[in-house]
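Values reported hereafter were calculated over all heavy atoms of this structure, with side chains retained and with hydrogens, waters and symmetry mates removed. We number each residue from 1, following the sequence as shown. For clarity, every value in this text was computed on a predicted model and none was experimentally measured.
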Amino acid sequence: MKPVRRHLLFWIPSLYFAQGLPYATVMTMAAIMYKRLGVSNEQIAWWTSLLGMAWVVKPLWSPLLEMLPGKKWTIAAFQALGGACLLGAALALGGPGFFTFSVAMLALLSLASASHDVAADGLYISQLTPRQQAMYSGWLSTFWNGGRLFVQGALVVLAGELEARYGVHRAWQAALALPGGVLLLLAAYHCWAAPADTATAARGQLWRTSADVLRSFLRKPGIGTAILFVLLFRMAEGQVQTIGRLFLIDARSNGGLGMSTLDMGIAYGSFSTVAYIVGSILGGYFGAWLGLRRAMFPLIVAMNLPTLTFCYLSMALPTSLTLITAVLSAEMFGFGFGFAGLVMYMMQVVAPGKYPAAHYALGTGIMQLGLVLSTMVSGKIQTWLGYHDFFIWGLLAALPSLLLTLSVALPGKPPQAAAAASPA
């Protein structure tokens, strides 16, 4: 009997929502949660950054995932495992040693989510034609960010509402258990909705191909400078994003804004995420209009200039939620606008060649490594400098990536050609 193939919209949006949800939980919500639970900035920055290493090293075991019987069942299994990890982390918050045990559960969640990403992207690529991949890329991005918006907005707002009624620990138990239940339901749903695939490569061929992928990547002209550029691209922004969330929550007596969890969810989770999505779209159009050669420098400036917003907030310490929300939305718009530059650079410089998809994955892993290494030390730097001076340091940390734009290879049309190709 021929297997039923459901319309692509039955599984692509839900698949990428399931991809964005655990990533945002680990890399964004966990920092807010631990701050509300009284963990120090230094510990939060170190451990939440370390959890992000799973997305750095996932290419190491991606060939093993290709050997499994089918991506559909791999996806469902890792979604179920991720849901169970979130429920386990929620239970851990209710007992002694909650930090150690919850971090262990989130570490397992990170590994499950990173493995899920490999299988999900593989299913998307294998089941769609190149034309369909382009057509549905907007759905992919929208629902990945939808998972992020659900976590930063709805879940943080929920925790804020529950804190006053049931206490901080129980509130965050609910905020972890809810996405855990969602992932379990999505695992069951994708057993029905996702297309079955049975094609697997030979074991020896996979390892030979993996070795060839790495060799061809390292032989690219100028790859050393490219790797350094990708590593440094998010060095400043990553530190500011990590400490910025802690600054918003920290007490005013400590130099923070003293925002409640509810206000944090409304201001930083909902409106700012929408601003990030809009900035990302416009940044892509800006890069396409100018070409990467002319667009890269202003995109890097746009990526890091929003650090000035935190310099302002740490100096003025405003109390108006409307003003804080507007400033944070501007910061996230700039981040989204500038981040498009890194995506274009990896697609146009790092990825091209014999294995574009694999080389792009290596590029994203290198980018994540730079983010993790910089944010791991951000807590120590902030503790030493204080919030205001730390955000000034964030501006200075952007200089290496700006200077590297003078030496990295940047494809793009010369001004005359670019102007001729622009629509009238």
Worked verdict on Phe217 versus Ile227 for side chain to side chain contact (heavy atoms under 4.5 Å, CB included) | CA-CA 10 Å; Phe217 181 78; Ile227 289 174; 4.1 Å; yes
Start with the C-alpha distance between Leu282 and Phe333, add both sets of side-chain angles, then the distance that settles side chain to side chain contact (heavy atoms under 4.5 Å, CB included), and finish with yes or no.
-> CA-CA 9 Å; Leu282 293 180; Phe333 176 87; 3.9 Å; yes
Side chain to side chain contact (heavy atoms under 4.5 Å, CB included) between Ser14 and His190, worked out = CA-CA 8 Å; Ser14 56; His190 288 130; 2.7 Å; yes
Could you walk me through whether Met296 and Phe229 pass the side chain to side chain contact (heavy atoms under 4.5 Å, CB included) test, one step at a time?
-> CA-CA 12 Å; Met296 181 56 81; Phe229 182 64; 4.0 Å; yes
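Looking only at side-chain heavy atoms (C-beta outward), Phe143 and Ile12 stay at 4.5 Å or farther from each other. Between Ile75 and Trp11 there is no side-chain heavy-atom pair separated by less than 4.5 Å. Proximity of Trp172 to Ile32: side-chain heavy atoms (C-beta onward) are separated by under 4.5 Å at one or more points. For the pair Met303 and Arg234, the minimum side-chain heavy-atom distance is below 4.5 Å. When side chains are defined from C-beta on, Gln368 counts as touching Met27, because their heavy atoms get closer than 4.5 Å. Two residues are said to be in side-chain contact when any heavy atoms from C-beta on lie closer than 4.5 Å; Leu184 and Leu87 meet this criterion. Looking at heavy atoms from C-beta onward, Leu37 lies in side-chain contact with Leu93 at the 4.5 angstrom threshold. Using a 4.5 Å heavy-atom threshold, the side chains of Gln241 and Glu331 count as touching.
A donor-acceptor pair under 3.5 Å is formed between the side chain of Ser314 and the backbone N or O of Cys311. The backbone N or O of Trp144 lies less than 3.5 Å from no partner atom in the side chain of Arg148, so there is not a single donor-acceptor pair. Side-chain N or O atoms of Glu42 include none that pairs as donor or acceptor with a backbone N or O of Gly379 at under 3.5 Å. Side-chain atoms of Lys35 never come within 3.5 Å of backbone atoms of Asp250 as a donor-acceptor pair (strictly under, hydrogens ignored). The closest donor-acceptor contact from the side chain of Gln19 to the backbone of Leu15 lies at 3.5 Å or more, if one exists at all. Between the side chain of Ser378 and the backbone N or O of Thr375 there is at least one donor-acceptor pair closer than 3.5 Å. Counting only distance, with no hydrogens or angles, the side chain of Lys72 and the backbone of Cys191 share a donor-acceptor pair below 3.5 Å.
Across Ala175 and Leu155, no two heavy atoms sit closer than the pair O-CD1, 3.8 Å. Closest approach of Ala193 and Phe10 over heavy atoms only: CB-O, 3.9 Å. The shortest non-hydrogen separation linking Ala119 to Thr74 is CB-CG2, 3.9 Å. Taking both residues in full, the closest heavy atoms of Gly365 and Val56 are given as O-CG1, 3.6 Å, listed atom of the first, atom of the second, then distance. Listed here is the closest heavy atom pair of Asn304 and Ala236: OD1-CB, 3.4 Å. A pairwise comparison of heavy atoms in Ala45 and Thr48 identifies O-OG1, 3.8 Å as the closest pair.
Atom CD1 of Ile324 and atom OG1 of Thr309 lie 11.5 Å apart (nearest 0.5 Å). Distance check, rounded to the nearest 0.5 Å: CG of Leu369 to CG of Leu362 gives 12.0 Å. Separating the CE atom in Met33 from the CG atom in Leu106 is a distance of 5.5 Å, to the nearest 0.5 Å. With rounding to the nearest 0.5 angstrom, the CE atom of Met376 is 11.5 Å from the OG1 atom of Thr242. Remark: Leu109 CG to Leu176 CG distance equals 9.5 Å, nearest 0.5 Å. Distance check, rounded to the nearest 0.5 Å: CG of Leu299 to OH of Tyr345 gives 14.0 Å.
In terms of the ring-ring contact (aromatic ring centres under 6.0 Å, His included) criterion, residue partners of Phe391 (sequence neighbours excluded) are, by chain and number, Phe247, Phe310.
Around CZ of Phe99, the count of heavy atoms belonging to other residues, nucleotides or ligands within 6.0 Å exceeds 12. Other residues, nucleotides and ligands contribute at most 12 non-hydrogen atoms within 6.0 Å of the CZ atom of Phe101. For CH2 of Trp47, the number of neighbouring non-hydrogen atoms (other residues, nucleotides, ligands) closer than 6.0 Å is 12 at most.
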